[in-house]
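Working notes, structure below.
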Amino acid sequence: MLSGPLMGNALAQDAVKPADVNPINTGDTAWMLMSSALVLLMTPGLAFFYGGLVRSRNVLNTMMMSLVLMAVVGVTWILWGYSIAFSSEPTTTDAAKMIFASNPIIGNLNWFGLNQVAFDKIDPVGYAGTIPHQLFMIYQMMFAIITPALISGAIVERMSFKAYFWFILIWSTVIYAPLAHMVWGKGYIGSNLGALDFAGGTVVHVSSGVSAVVAAWAIGSRRTYPNQPAAPHNVPYVLLGIGLLFFGWCGFNGGSALGANGLAVVAFVTTAVSSCAGGLMWLILEWVLRAKPTAVGIASGFLAGLVGITPAAGFVSPLSAILIGLITATCCFFAVSLRAKLQFDDSLDTFPVHGVGGTIGGLLTGIFAEKAINSAGADGLIVSGSPELFGKQVVATVITYAIAAVGTFVIIKGLSLVMDLRVKPEAEYQGLDINEHGEEAYGEEFAAGLSLAEKEG
């Protein structure tokens with residue numbers, strides 16, 4: 001029998017009604033705040049990765065193509081992007097029995113400008129039951145920021161920054177947000193079809209990779225390609241970039257558990273080992289087939305491993321993650337080689353790494369997934385012996401390909417009717433840094449006078 005303070009505490013606990021208990025968990029909140037910051041860091045990381053791969057006269061323009069997303073999507077996500085991606089309609093007005101029904105294709109504008117998105121309450125739909133709604137929103141915003149930035153790798157050194165600005169604004173609204181809704185917002189791919197995508201294999205990598213190849217085809221090759229070499233001007237930038245991306249990816253995948261829990265551990269471990277396996281595989285392939293392993297090569301292998309594990313991170317074991325890293329890196333390696341042989345000017349191999357890597361990772365999720373690891377998932381081909389999940393992954397991938405390809409083509413053609421997509425030939429030869437931004441990275445030529453385009457004007 002309790003007495004004194006202990007009895008008082010027990011009575012006080014009995015007096016608390018379940019409705020009065022705040023479900024927000026401080027540990028989960030802390031982890032998700034950190035994960036959001038980690039994912040945000042990936043965008044500057046991508047800027048360095050891409051920036052190092054281009055010629056010195058285009059490095060600032062290339063890095064700006066990543067950083068501008070922090071400005072554009074950082075605003076549009078708050079105004080309408082988040083609502084389009086994740087809002088749902090309540091099926092009843094009874095707050096105690098609130099159930100939300102989601103449109104299979106797209107959300108609505110109920111949360112426009114973060115209306116009803118609270119900083120001290122969980123979201124009403126049930127996306128993340130232990131963290132504030134605004135924290136879930138800001139975490140998802142970091143994904144929305146980096147995804148369109150990936151596309152820039154295919155069209156660097158030739159696309160007008162003005163055209164790119166409008167392209168990413170429209171693309172993030174009409175392609176990314178609906179895809180996020182279909183996969184994560186209780187839409188068709190995630191809820192009705194039942195396909196698995198833990199952290200963005202389809203939403204992020206397949207969509208950006210496919211959009212990149214369509215954009216590169218529609219805009220055309222660089223005027224110097226393939227006649228003049230375009231070797232990376234700063235490989236240390238590339239290595240710095242992949243280091244930041246690897247670091248941030250721990251929050252990209254680990255944070256997708258939406259809490260500091262065992263699932264976050266699974267995603268963190270599988271992410272790390274898959275990337276390590278990808279780097280090792282690329283290193284071996286270069287060593288065997290080209291005699292010399294390269295720094296850019298191992299960085300590309302790390303990236304391929306990260307891309308491949310993204311859809312599977314919370315559904316597979318570490319051993320399966322190693323296989324995913326090895327297989328994805330191999331496929332991406334030969335995709336890069338094929339792209340070079342075809343002389344298609346996807347400048348920084350966005351589709352061969354992100355498009356192919358996201359596709360392979362999504363399909364391998366249908367093979368290696370284990371419900372014993374994540375009860376919210378499903379058993380893949382190896383565990384169940386059934387191709388059911390694999391088939392769902394195929395359908396999800398095909399849908400994403402179609403939406404990204406058709407949507408990007410329409411956006412590019414629409415923009416071409418009202419503005420020039422490419423810079424002028426003389427600006428492309430001289431470099432986009434001076435002509436598009438009025439500055440250059442290393443002070444090599446700008447002091448000599450105005451840009452060539454300005455002189456001829």
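All of these numbers come straight from a predicted model, not from anything done at the bench. Computed from heavy atoms alone, side chains included, the values below leave out hydrogens, waters and symmetry copies.
- Looking only at distances, no side-chain donor or acceptor of Thr62 sits under 3.5 Å from a matching main-chain atom of Tyr50.
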*Does the side-chain contact (heavy atoms from CB on, under 4.5 Å) test come out yes or no for Asp123 and Phe86, once each step is laid out?*
CA-CA 10 Å; Asp123 74 89; Phe86 289 98; over 6 Å; no
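- At distances below 3.5 Å, at least one donor-acceptor pair connects side-chain atoms of Thr400 with backbone N or O atoms of Ala396.
- Looking at Leu363 and Thr397, their side chains come closer than 4.5 Å, going by heavy atoms from C-beta outward.
- If you check the side chains of Ser208 and Tyr176, you find no donor sitting under 3.5 Å from an acceptor.
- Shortest non-hydrogen contact noted between Gly407 and Ile175 is C-CD1, 3.6 Å.
- By the neighbour-count criterion of 12 heavy atoms within 6.0 Å, atom CZ of Phe368 is densely surrounded, having more than that number from other residues, nucleotides or ligands.
- Between the side chain of Asn253 and the backbone N or O of Thr271 there is no donor-acceptor pair closer than 3.5 Å.
- Ring-centre distance between Tyr82 and His133: below the 6.0 Å cut-off.
- Rounding to the nearest 0.5 Å gives a distance of 12.0 Å between CD1 of Ile145 and CE of Met42.
- Put simply, the side chain of Gln393 gets close to the backbone of Leu196: a donor and an acceptor are under 3.5 Å apart.
- Closest approach of Ala291 and Pro293 over heavy atoms only: O-CD, 4.1 Å.
- Between His233 and Tyr237, the ring planes are perpendicular. Angles over 60° get that label, and only those under 30° would be called parallel.
- Of the possible polar contacts, one joining the Asp197 side chain to the Gly201 backbone as a donor-acceptor pair under 3.5 Å is found.
- Shown here for Ser172 and Pro148, the closest heavy-atom pair between the two residues is CB-CG, 4.1 Å.
- Side chain of Thr328 to main chain of Gly305: no donor-acceptor pair is present (N/O by atom type, distance under 3.5 Å, no hydrogens or angles).
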Step by step, work out the side-chain contact (heavy atoms from CB on, under 4.5 Å) result for Phe252 and Ile146. CA-CA 11 Å; Phe252 193 88; Ile146 196 171; 4.3 Å; yes
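- No side-chain heavy atom of Leu245 sits less than 4.5 Å from a side-chain heavy atom of Phe302.
- No donor-acceptor distance shorter than 3.5 angstrom exists from the side chain of Asn58 to the backbone of Glu157, with no hydrogens or angles considered.
- Annotation: side chain of Ile151 is not in contact with side chain of Thr350 (no heavy-atom distance under 4.5 Å).
- Annotation: side chain of Val59 is in contact with side chain of Asp433 (closest heavy-atom distance under 4.5 Å).
- Residues Ile399 and Thr202 fail the side-chain proximity criterion, which asks for heavy atoms closer than 4.5 Å.
- Nearest heavy atom pair, residue Met159 against residue Ile412, reads CE-CD1, 4.4 Å.
- The only option from Phe351, Phe143, Trp249, Tyr401 that meets the ring-ring contact (aromatic ring centres under 6.0 Å, His included) definition with His205 turns out to be Trp249.
- Counting heavy atoms from C-beta outward, Ile84 and Leu109 have side chains that approach closer than 4.5 Å.
- Residue-environment remark: NZ (Lys371) stays at or below the threshold of 12 foreign heavy atoms within 6.0 Å.
- Within the 3.5 Å criterion, the main-chain N or O of Lys413 finds a donor-acceptor partner in the side chain of Ser416.
- The nearest pair of heavy atoms linking Ile168 to Val68 is CD1-CG1, 3.7 Å.
- In this structure, Trp171 and Ser207 have side chains that are in contact, with non-hydrogen atoms separated by less than 4.5 Å.
- Side chain of Arg339 to main chain of Ser337: no donor-acceptor pair is present (N/O by atom type, distance under 3.5 Å, no hydrogens or angles).
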From CA spacing to verdict: side-chain contact (heavy atoms from CB on, under 4.5 Å), Leu348, Val156: CA-CA 8 Å; Leu348 307 182; Val156 293; 4.0 Å; yes
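- Trp77 contributes atom CH2, which lies 6.0 Å from atom CD of Gln140 (distance to the nearest 0.5 angstrom).
- With Thr130 as the fixed residue, the side chain to side chain donor-acceptor pair (under 3.5 Å) test singles out one of Asn22, Asn25, Asp28: Asp28.
- Contact check for Trp282 versus Val336: side-chain heavy atoms found under the 4.5 Å cut-off.
- Checked against Phe136 for a ring-ring contact (aromatic ring centres under 6.0 Å, His included), the options Trp184, Trp111, Tyr127, Phe119 give a single hit: Tyr127.
- Atom CD1 of residue Ile138 and atom CG of residue Leu40 lie 8.5 Å apart, to the nearest 0.5 angstrom.
- When all heavy atoms of Glu436 and Phe161 are compared, the pair lying nearest together is OE1-N, 2.7 Å.
- A distance-only check finds a donor-acceptor pair linking the side chain of His181 to the backbone of Asn103 [under 3.5 Å].
- Side-chain N/O atoms of Asn110 and Gln116 include no donor and acceptor closer than 3.5 Å.
- Taking OG1 of Thr365 as the start and CD1 of Ile324 as the end, the distance is 5.5 Å to the nearest 0.5 Å.
- Between the CG atom of Asp349 and the SG atom of Cys332 there is a distance of 9.5 Å, given to the nearest 0.5 Å.
- Checked for salt-bridge contact, Arg422 and Glu428 meet the test: a charged N lies under 4.0 Å from a carboxylate O.
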_Could you walk me through whether Ile155 and Ser347 satisfy the side-chain contact (heavy atoms from CB on, under 4.5 Å) test, starting with their C-alpha distance in whole Å, then the side-chain angles of each, then the deciding distance to 0.1 Å, before giving a yes or no?_
CA-CA 6 Å; Ile155 43 83; Ser347 309; over 6 Å; no
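- At most 12 non-hydrogen atoms from other residues, nucleotides or ligands lie less than 6.0 angstrom from CD of Glu388.
- Within the model, atoms CZ of Arg57 and CG of Leu432 stand 9.5 Å from one another, a figure rounded to the nearest 0.5 Å.
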